[in-house]
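These notes are about the structure you will find just below.
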Amino acid sequence: MTSSTQSSLLEGLTEPQQKAVLYQDGPLLVLAGPGSGKTRVITHRIAHLVRSGELASSILAVTFTNKAAGEMRRRVQTLLSERGQDATRILACTFHSFGARVLRGYAAEAGVAADFTVLDADDQAKACKQAMVESGEGTAHLTPRTVLNEISGFKDLLISSDQAVSEARDWRARSVARIYSVYEKVLRRSSALDFDDLLCRVALLVRNHESVRNQLQKRFRNILVDEYQDTNHAQFSMVLDLAKQHRRLCVVGDPDQSIYGWRGADLGNILKFEEHFPDARVVALGENFRSTELIVHAASVLVQNNRQRRHKELRSMRGAGEAPRYSRCMDERLEAARVVQEAQQASQNGMPWRSMAVLYRMNSMSRVLEEAFRREGIPHQVVRGTAFYDRREVKDLVGYLRLVANPHDELALSRIVNVPPRGLGSTSFSKIELHAARKGIPLIDAMAAPKEAGVLARAATAATALAAKIRGWRHSAETQSAESLSDMLGQIARESGLESHYLAEDREAADQGESRVENLAQVVSAAAEFVAERSMQESQDEVGTPWGTALDALRAYLERIALVSDSDNFDPERGAVTLMTLHAAKGLEFALVCMVGLEQGSLPHARSLDASGDLEEERRLCFVGMTRAEDRLLLTSAAVRTVRGQTLATIESMFIRELNNELVHEEETNEASDDDQTLPSHSSHRSGLRAGMRVRHPLFGIGTVEGISPRGSGTAVRVAFAAVGHKTLMLEFAKLQILG
DNA sequence: CCGTCCGAGTTTTTT
DNA sequence: ACTCGGACGG
């Protein structure tokens with residue numbers, strides 16, 4: 001390699017960044033604080049590997065979302081194409097899609113069906129419920145949710161259902177373990193895998209199957225893992241086994257940004273990297289090129305309240321900038337109004353809408369914000385309100401598609417067996433299910449010969465017809481080319497009867513605005529786009545199989561659908577304000593960030609308020625949100641919030657207290673929505689007093705108004721006094737002086 | 001077998 | 001507030 005090769009690649013990189021790009025003598029941990037040029041380091045490192053002679057196809061780059069993978073591939077390509085080199089054979093993908101690819105390539109060795117379906121969360125829940133019924137375990141104190149969580153935990157730790165059963169020590173654990181066994185049977189019967197299978201089955205495959213391990217080690221000599229702080233045990237085990245021969249492993253992450261502990265992410269993976277790899281080199285990137293000094297400092301002050309962390313200095317490489325601001329609003333509608341006002345003001349100062357984001361803890365908080373933005377006519381995009389693929393009609397069509405791709409998919413079958421209504425109700429379907437179970441034949445075969453199950457003639461005819469239709473579609477999928485995928489989907493939408501079914505429903509609910517038939521059409525056109533996209537980038541020679549037939553294309557399309565993430569449908573070019581959860585915002589940056597709902601119970605979330613480890617994760621989540629902001633940061637809370645129909649007073653987030661000196665506290669006026677009819681009482685209007693206002697009482701001193709409500713013929717005011725705590729006073733008698 | 005009504009449970013975050 | 005599942009009447 002010539003020195004000119006290096007200089008062009010390393011240009012503009014800081015010294016630690018260069019080290020992270022160049023070091024190739026063993027395992028490398030890059031501790032990358034927010035805004036420290038992490039993506040730049042990874043892309044340059046990959047480009048450097050290729051330039052120094054490594055085959056592009058020997059590089060595996062694991063990212064957190066498909067979007068990030070695509071972006072990485074694009075950026076590496078740009079770096080490489082200057083010298084006429086090619087990045088297309090680099091495999092950049094998520095852990096889950098890597099897992100799916102490996103399992104398709106080594107289905108026999110892994111002991112899975114080659115045409116397996118990936119279950120979505122809904123089906124997983126259904127499969128779990130079914131397992132609870134079939135296992136006959138008393139389910140009174142076990143919810144599918146908790147059972148599923150525990151099953152997920154087992155799979156993460158690579159514990160099989162047999163092991164779980166034999167290691168169960170009490171009655172409850174035995175019960176869960178038995179359900180786990182039956183759950184596995186249900187999935188196997190359906191040739192289905194859940195998300196965790198995509199990780200744990202690969203981890204077990206590379207651990208136990210020497211020849212597969214050797215092949216994969218040989219193929220992927222260079223491994224990079226982004227967002228390493230969010231890997232779980234199965235992922236760690238997989239990476240360890242894949243990398244242990246060549247030891248050319250580079251992991252990048254930030255313990256302070258670990259926010260997926262609830263789904264098994266193990267902070268120990270990054271905190272103890274050097275214990276796992278004693279010869280590892282560590283490079284810390286603490287210079288922040290994204291945010292101004294006051295923002296970085298505030299975020300840093302907050303996260304320093306955590307105990308479980310690796311100390312790392314964060315320095316802003318930009319000017320001081322504006323201090324982050326905090327506004328306590330009276331309720332969530334006024335909070336939304338405050339956010340809208342902030343966005344409008346920024347816009348007037350020349351900031352484009354696409355550089356602004358509103359972040360919240362829970363998806364349910366998006367609605368009131370969305371309404372406010374819509375009312376003001378501000379362009380905005382909600383990154384997953386209800387995801388497109390969660391809609392009923394879309395799931396129905398996808399159900400048919402899944403059956404064509406994998407006729408054993410019982411979960412898909414039970415979803416669509418009577419949609420549209422075809423005279424095959426639950427009674428007959430259960431009989432067919434029972435018959436299949438008794439004879440030990442696949443459900444779809446029992447559907448084809450329903451008479452034996454002893455169902456009514458009408459139901460039998462319907463069952464035979466449905467089975468025949470599925471067989472017919474499958475036949476054409478096998479014989480047609482990949483290009484005709486979308487035509488095929490259109491055909492299935494029509495011939496299944498879904499289209500006319502939903503056409504009728506659309507007519508009945510014409511006022512609803514959204515057309516279900518249009519959504520069906522969108523699935524069809526999305527498939528067309530998918531095929532076009534794929535043929536443009538040519539076959540990437542991945543571990544999976546190349547596609548020739550429509551069936552191959554269909555499988556790939558279904559897999560894509562199953563593995564899309566929320567942030568995958570974030571489009572930075574849309575010229576709109578982005579509304580999304582704090583989790584979805586990871587890895588992104590915006591000139592202006594508004595974080596709403598800084599309240600105990602929201603952020604930190606109620607579920608984390610007991611265990612201290614969880615609380616630290618909430619603090620990290622807050623840290624992640626704050627560090628998305630480049631120039632301006634506004635935090636807000638609502639003194640009163642309506643959740644599930646109940647309006648309750650809130651307590652300000654403890655994080656606000658921790659940040660106290662770093663924030664400029666706004667005096668809330670909330671003049672913007674005086675026309676709002678939902679304000680608690682008119683008397684409060686007359687007096688001009690509002691929650692969040694500062695008042696002085698002759699005896700109790702200075703306090704903040706928390707709420708106002710009618711009481712008898714007068715008005716009660718609840719005030720939090722700095723000196724004496726909470727008091728409820730009658731407005732008419734208490735001599736309150738309004739400070740603002 | 002199908003539609004409607006009623007009551008119960010909501011479960012943070014997501015691949 | 002909202003959705004899902006179960007019971008009941010057509």
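So you know, we letter chains A, B, ... as the sequences are listed, proteins then strands, and number each from 1.
Using a 4.0 Å heavy-atom distance criterion, Arg392(A) is classed as making no nucleic acid contact. As judged by a 4.0 angstrom heavy-atom cut-off over every strand, Tyr260(A) is placed among residues touching the sugar-phosphate backbone only.
The side chain of Thr581(A) has dT14(B) as its nearest neighbour among dC1(B), dT14(B), dT15(B). Closest to the Pro421(A) side chain, of the nucleotides dC1(B), dT14(B), dC2(B), is dC2(B). In the set dT14(B), dT15(B), dC2(C), the nucleotide with an atom closest to the side chain of Thr94(A) is dT15(B). Among the nucleotides dC2(C), dC1(B), dT13(B), the one closest to the side chain of Ser428(A) is dC1(B).
Following rounding to the nearest Å, Asp122(A) (CG) and dT3(C) (P) show an atom-to-atom distance of 14 Å. The interatomic distance linking Phe429(A) (CZ) with dC2(B) (P) rounds to 14 Å, in whole Å. Look at CG on Leu456(A): it is 9 Å from C1' on dC1(B), rounded to the nearest Å. One can place CZ of Phe98(A) at 16 Å from C1' of dT15(B), the figure rounded to the nearest angstrom. In this entry the distance linking CZ of Arg458(A) with P of dC2(B) reads 6 Å, nearest Å. Counting to the nearest Å, the C1' atom of dT14(B) and the CG atom of Asp194(A) are 14 Å from each other. Per the geometry, CD belonging to Gln229(A) stands 20 Å off P belonging to dT13(B), to the nearest Å. Atom-to-atom, CZ of Arg391(A) to P of dC4(C) comes out at 14 Å; the value is rounded to the nearest Å.
Remark: Asn418(A) is in phosphate contact with dC2(B), judged by side-chain N or O atoms under 4.0 Å from OP1 or OP2.
Ionic pairing of Arg402(A) and Asp123(A) is present here: one or more N-O contacts between side-chain nitrogen and carboxylate oxygen are shorter than 4.0 angstrom.
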Apply the test side chain to side chain contact (heavy atoms under 4.5 Å, CB included) to residues Leu621(A) and His605(A): give CA-CA distance (whole Å), side-chain angles for both, the deciding distance (0.1 Å), then the verdict.
CA-CA 10 Å; Leu621(A) 195 52; His605(A) 190 270; over 6 Å; no
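Side-chain contact check for Leu242(A) versus Ile223(A): some heavy-atom pair is nearer than 4.5 Å. Looking at heavy atoms from C-beta onward, Thr650(A) lies out of side-chain contact with Val640(A) at the 4.5 angstrom threshold.
Just one residue in the list Asn232(A), Asp266(A), Ile151(A) forms a side chain to side chain contact (heavy atoms under 4.5 Å, CB included) with Asp156(A), and that residue is Asn232(A).
With both ends at atom C1', the span from dT12(B) to dG5(C) equals 24 Å, rounded to whole Å. dT13(B) sits 16 Å from dC4(C) when the P atoms are compared, rounded to a whole Å.
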Sort me out a list of protein N/O and nucleotides 8-12 of chain B N/O pairs below 3.5 Å, or just none if empty.
{"residue": "dT12(B)", "atom": "O4'", "partner": "His605(A)", "partner atom": "NE2", "Å": "3.2"}
{"residue": "dT12(B)", "atom": "O2", "partner": "Arg361(A)", "partner atom": "NE", "Å": "3.3"}
{"residue": "dT12(B)", "atom": "O2", "partner": "Arg361(A)", "partner atom": "NH1", "Å": "2.4"}
{"residue": "dT12(B)", "atom": "O2", "partner": "Arg361(A)", "partner atom": "NH2", "Å": "2.2"}
{"residue": "dT12(B)", "atom": "N3", "partner": "Arg361(A)", "partner atom": "NH2", "Å": "3.0"}

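Asn519(A) and Tyr502(A) share no donor-acceptor pair across their side chains, judged by distance under 3.5 Å alone. Donor-acceptor pairing under 3.5 Å is recorded for the side chains of Thr143(A) and Thr146(A).
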